[in-house]
**Student:** 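My structure is below; once you've seen it, I'll send some questions.
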Amino acid sequence: MSQNLSEQEQIRRESLLAIRNMGIDPYPAAAFPVTHTSKAILEGFPIHPDDYTEVSFAGRIMSRRIMGKAAFTVLQDAVGKIQIYVRGEDICPPGDLSLYDELFKKHLDIGDIIGVTGYVFTTKTGETSIHVKTLTLLSKSLRPLPIVKTDAEGNVHDAFTDPELRYRMRYVDLIVNPQVREVFIKRSRIVNTMRSFMNTFGFLEVETPILQPLYGGAAARPFKTHHNALEMTLYMRIANELYLKRLIVGGYDGVYEFSKDFRNEGMDRFHNPEFTQVELYVAYKDYQWMMDFVEEMIERVAVEVTGSTEVQVGEHIISFKRPWKRFTMFEAIEHFTGIDISAMDEQQLFKTARELRVHVDATMGKGKLIDEIFGEKCEPYLIQPTFITDYPVEMSPLAKKHRSKDGLVERFEAICNGKEIMNSFSELNDPIDQRHRFEAQLELGKRGDEEAMQLDEDFLRALEYGMPPTAGIGIGIDRLSMIMTNQHAIQDVLLFPHMRPEG
RNA sequence: GAUUCCGUAGCUCAGCCGGUAGAGCAUAACACUUUUAAUGUUGGGGUCCUGGGUUCGAGUCCCAGCGGGAUCACCA
């Protein structure tokens, strides 16, 4: 075992032993009473210095500058960092400097967690610091941390940047990269803002099955698993739509769920096998209402999370201020290509797609062709949040047919930064129509479409009892978080993104 | 899944035309009672991702594998 340890790890284990031999427990059980955070001290001390004559603080050692009989050390807690000043004569009993000379100087390391008590003061160079009176080891760290330093100009040196190491050891990433910690605080705030917004409308947060006997509610390949006692195949949900609609049938006016969904597909910077959506269904509303609702909700999220309706994302400034642009799909295509395809039949669409050099093949039907043209010619260029409405019926087996436009459904997606971030419809509540749509999906499945939906008899039974007209929406929390936190990859908004096993 | 780039000390990275492995930080020892990328002096630390091949000789060239990044395809 010790053969595999690096030199620094061996030295730390030797320190651990030496600490024990001094009669000091390197992992004490007792709670350590903390009176102040770093932030509270740094903000409060300059205003009310008299309130900081006795503080108790705990944190991780992030750097040490030892100068003989005194030392400066930077401790990091959950909200920031603060410098402490340690003098041997202050923390040791008279005549015995071993606590300072042996424990502090020799056997403590960057990464160790300590608790201190003392008083706050300002150093000669003007830095608010804690003058330590007592020092307690709270946890000995046995592995060396990456050392990230920031100079006086704010330049970061030797940043811990290797994505593989950062994702595999997120705990290390969080310790040494405060901006990473900030991303996940913001993600939490995004979810909380949405939750409280929906709650003010009286909508009910619910939990529905993750293990499902039939997977439905989206077009995707599922993960498959097996229930031993029932000897049956179960699927990890790809969406929770069909369960939430059952609850609308059951009489709730509005239900929502923040749900992990699972799709057995490729991984890249926009896709992780498990991802989070919030789905919301509201009775007696339609997709027009939902656009207004979600516009307000997301504008509020932007303000709560970034302090502004304008968010810097890569090289763009994205404004979530209401109202957002609204295009029908045909309008968007005409806007970006100059071609009105609204009256075209399948052959004309195919020809047009070819002329636009959109990647199409002969198996594609009308709806798919329109979707391909949109996906290649419009979506990537929609940077500001934009509602695209009125999709071809073939692509939307759970959406209600448009009230006035043949061949279309009442559906919208919001596109932002060139990517879909939400998908919504006036929900199909005609059980006969829904059965026909499922049957059309079954046909697609027989022809080899692995993403075709299954026919869910119980869901149809629920619809046959009667579902009120309902507006529904799914919002991709990961992608929304990427935008709100200006992150390039989904891995950067997932605490533990999926990785291949380590060699 | 395809293409392409990458994998060297705990971390961040050099390593030329193939010739006995380098830097900074970290670490160890000593010095230093207001430092802050602390400083000074002196040390230690390597399965060069793995396995083959070419060669007198491979971190370096070739092949395969593993892992990661980017782009593309599928998808949200």
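FYI, side chains are in, hydrogens and waters are out, and symmetry mates aren't considered; it's all heavy atoms of this structure. Within every chain, numbering begins at 1; the chains are lettered A, B, ... in the order of the sequence lines, protein sequences first and strands thereafter.
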**Student:** What nucleic acid atoms does A:E89 come within less than 4.0 Å of, heavy atoms only: base, sugar-phosphate, or nothing?
**Tutor:** base
**Student:** Whole angstrom is fine here: how far is it from CD1 in A:I91 over to C1' in B:U33?
**Tutor:**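 So the two atoms are 13 Å apart, to the nearest Å.
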**Student:** Can you find a donor-acceptor N/O pair under 3.5 angstrom joining the side chain of A:D268 to the base of B:C74?
**Tutor:** yes
**Student:** Hey, does the side-chain of A:E127 have a donor or acceptor N/O within less than 3.5 Å of a partner on the base of B:U34?
**Tutor:** no
**Student:** Just how far, in rounded Å, is P of B:A38 from CZ of A:F72?
**Tutor:** 12 Å
**Student:** Mind checking if A:R65 touches a base, just sugar-phosphate, or nothing, with heavy atoms under 4.0 Å?
**Tutor:** base
**Student:** Taking syn as any angle within 90 degrees of 0 and anti as the rest, which one fits B:C17?
**Tutor:** syn
**Student:** Counting distance only, does the side-chain N/O of A:E265 pair as donor-acceptor with the main-chain N or O of A:R221 below 3.5 Å?
**Tutor:**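 Checking the backbone N and O of A:R221 against the side chain of A:E265, a donor-acceptor pair under 3.5 Å is found.
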**Student:** Taking any heavy-atom pair under 4.0 Å as a contact, classify A:N264: base, sugar-phosphate, or nothing.
**Tutor:**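 The answer is nothing, as A:N264 stays clear of every strand by at least 4.0 Å.
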**Student:** With sugar-phosphate meaning primed atoms plus P, OP1 and OP2, does A:Y100 contact a base, only sugar-phosphate, or nothing at under 4.0 Å between heavy atoms?
**Tutor:**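 It contacts nothing in the nucleic acid.
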**Student:** With distance as the sole criterion, do the side chain of A:E420 and the base of B:A76 form a donor-acceptor contact below 3.5 Å?
**Tutor:** no
**Student:** Does the ring centre of A:F387 sit less than 6.0 Å away from the ring centre of A:F412?
**Tutor:** yes
**Student:** Reading RNA chain B from 5' onward, which residue's closest nucleotide shows up sooner: A:R87 or A:P144?
**Tutor:**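 Final value for this comparison: A:P144.
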**Student:** 5'-most contact on RNA chain B: A:I11 or A:E7, nearest heavy atom basis?
**Tutor:** A:I11
**Student:** Considering every strand and a 4.0 Å limit on heavy-atom distances, what is the contact class for A:A159: base, sugar-phosphate, or nothing?
**Tutor:** sugar-phosphate
**Student:** Counting the atoms with a prime plus P, OP1 and OP2 as sugar-phosphate, which does A:E9 contact under 4.0 Å by heavy atoms, base, sugar-phosphate, or nothing?
**Tutor:**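 No contact.
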**Student:** What nucleic acid atoms does A:K368 come within less than 4.0 Å of, heavy atoms only: base, sugar-phosphate, or nothing?
**Tutor:**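 The answer is sugar-phosphate, as A:K368 gets under 4.0 Å only of primed atoms, P, OP1 or OP2.
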**Student:** Can you spot which of A:R411, A:K400, A:K245 makes a side-chain hydrogen bond (donor to acceptor under 3.5 Å, both in side chains) with A:E427?
**Tutor:** A:K245
**Student:** Tell me what A:R143 touches on the nucleic acid: a base, only sugar-phosphate, or nothing, going by heavy atoms under 4.0 Å.
**Tutor:** nothing
**Student:** Hey, are A:T352 and A:E355 close enough side-chain-wise for a donor-acceptor pair under 3.5 Å?
**Tutor:**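 A:E355 vs A:T352: no donor-acceptor pair found between side chains.
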**Student:** With a 3.5 angstrom cut-off on both distances, give the Watson-Crick or G-U wobble partner of B:G46, or none if there isn't one.
**Tutor:** none
**Student:** With both distances kept under 3.5 Å, what pairs with B:G67, Watson-Crick or G-U wobble?
**Tutor:** B:C6
**Student:** Could you point out which residue of A:F45, A:Y119, A:Y52 forms a ring-ring contact (aromatic ring centres under 6.0 Å, His included) with A:H36?
**Tutor:**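 Running ring-ring contact (aromatic ring centres under 6.0 Å, His included) over A:F45, A:Y119, A:Y52 with A:H36 returns exactly one hit, A:Y52.
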